[in-house]
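Below, chain A is the first sequence line, B the second, and so on; all start at residue 1.
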Amino acid sequence: DAGVIQSPRHEVTEMGQEVTLRCKPISGHNSLFWYRQTMMRGLELLIYFNNNVPIDDSGMPEDRFSAKMPNASFSTLKIQPSEPRDSAVYFCASSFGGNIGEQYFGPGTRLTVT
Amino acid sequence: DAKTTQPTSMDCAEGRAANLPCNHSTISGNEYVYWYRQIHSQGPQYIIHGLKNNETNEMASLIITEDRKSSTLILPHATLRDTAVYYCIVNPGTYKYIFGTGTRLKVLA
């Protein structure tokens with residue numbers, strides 16, 4: 001299995017632009033997570049999907065952030081409009097079962113907003 | 001979730017065992033101890049988890065004290081590729097991990 005796939009790996013954009021991050025979870029996994037990692041705040045859970053349904057979006061920082069999972073093999077995290085403070089590494093992870101099972105992380109997308 | 005305390009950093013000689021401690025004195029009876037690591041510029045990687053008993057897999061061993069207030073992750077023969085930040089997470093078997101700041105392990109040649 002190729003593991004969790006994220007694209008793009010690096011994104012540089014200007015403040016105010018829309019940014020879309022993409023994730024393909026491991027086949028057969030029914031849970032998907034979006035995390036954000038910064039030096040100041042560490043690794044934070046943004047949103048959790050189970051069977052394509054958002055279960056917990058309490059970590060989504062603002063209405064500028066939205067996430068979708070139209071099917072079991074694809075998810076997007078969108079920031080519109082982007083701001084410099086959104087600069088971070090965004091990780092997608094997937095697991096089977098959501099709870100006790102281990103989470104498998106993708107390589108991350110490094111976002112820089114200028 | 002119970003709070004964990006880990007040393008900020010540790011060094012280990014290549015080929016020696018790396019013993020990474022974690023204190024979780026407020027752990028509840030239903031909370032598991034998970035270990036993940038994050039190699040520079042990569043996503044976190046699951047290592048091992050346990051509830052009460054000691055656990056071993058191909059990557060590491062997890063030793064949990066009888067009172068469950070602390071645990072130790074053991075990498076039996078550390079290599080340079082084990083240089084990473086190691087996170088100890090206590091969790092009642094839910095999806096919500098709190099990663100904390102972890103221990104930065106440096107394996108020295």
Side-chain angles (χ1 to χ4, degrees), chain A residues 2-7 9-10 21 23-26 29-51 53-60 69 88-112, chain B residues 1-9 22 27-53 55-62 64 71 73 81 84-104:
Chain A
V4 175
I5 298 172
Q6 292 187 247
S7 65
R9 294 294 311 277
H10 301 272
L21 311 181
C23 175
K24 177 179 168 55
I26 292 173
H29 283 186
N30 62 350
S31 294
L32 184 137
F33 310 84
W34 282 100
Y35 287 85
R36 177 173 68 176
Q37 186 171 36
T38 62
M39 290 292 292
M40 290 294 293
R41 299 176 66 90
L43 197 61
E44 304 172 282
L45 176 65
L46 300 178
I47 189 168
Y48 158 53
F49 289 88
N50 185 254
N51 293 325
V53 176
I55 302 299
D56 182 358
D57 65 355
S58 61
M60 296 286 265
M69 192 164 186
V89 181
Y90 291 81
F91 290 103
C92 176
S94 70
S95 73
F96 181 74
N99 292 334
I100 193 170
E102 55 266 31
Q103 297 181 16
Y104 295 81
F105 284 75
T109 295
R110 182 172 295 277
L111 173 65
T112 302
Chain B
D1 293 353
K3 182 181 169 123
T4 61
T5 304
Q6 299 179 251
T8 302
S9 63
C22 179
I27 192 170
S28 300
N30 65 337
E31 289 184 309
Y32 293 79
V33 180
Y34 288 81
W35 283 85
Y36 280 73
R37 74 179 181 184
Q38 187 171 21
I39 296 170
H40 183 60
S41 297
Q42 297 183 21
Q45 176 189 24
Y46 166 82
I47 300 173
I48 198 167
H49 75 279
L51 183 61
K52 295 181 181 178
N53 301 321
E55 302 288 343
T56 296
N57 63 20
E58 65 278 4
M59 289 183 69
S61 295
L62 173 60
I64 303 174
S71 60
L73 179 75
R81 288 176 297 179
V85 177
Y86 287 77
Y87 298 99
C88 171
I89 301 164
V90 172
N91 179 285
T94 72
Y95 60 89
K96 210 155 191 174
Y97 292 156
I98 298 174
F99 275 83
T101 55
T103 295
R104 188 172 297 275

Let me confirm one number: the CD-OH distance from A:Glu102 to B:Tyr34, rounded to the nearest 0.5 Å.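 Separation between the atoms: 8.0 Å.
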Does any non-hydrogen side-chain atom of A:Phe33 lie less than 4.5 Å from one of B:Tyr97?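 Side chain of B:Tyr97 against side chain of A:Phe33, heavy atoms only: no contact under 4.5 Å found.
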Measure the shortest side-chain to side-chain distance between A:Ser58 and B:Lys96 over non-hydrogen atoms and say whether it is less than 4.5 angstrom.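 Result yes, sub-4.5 Å side-chain heavy-atom pair found.
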Between A:Asn50 and B:Tyr95, is any side-chain donor less than 3.5 angstrom from a side-chain acceptor?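 B:Tyr95 and A:Asn50 do not have a side-chain donor-acceptor pair below 3.5 Å.
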Restricting to ring pair (Phe, Tyr, Trp, His ring centres under 6.0 Å), what partner residues turn up for B:Tyr87, sequence neighbours left out?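 Checked B:Tyr87 against ring pair (Phe, Tyr, Trp, His ring centres under 6.0 Å); matches are B:Phe99.
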Pairing residues for A:Tyr104 by the ring pair (Phe, Tyr, Trp, His ring centres under 6.0 Å) criterion, not counting sequence neighbours: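 Result, ring pair (Phe, Tyr, Trp, His ring centres under 6.0 Å) vs A:Tyr104: A:His29.
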Proximity breakdown for A:Gln37 and chain B, heavy-atom pairs closer than 4.5 Å: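 It is the side chain, since no backbone atom gets that close.
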Proximal component of A:Thr109, with respect to chain B [non-hydrogen, under 4.5 Å]: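 It is neither, since no heavy atom gets under 4.5 Å.
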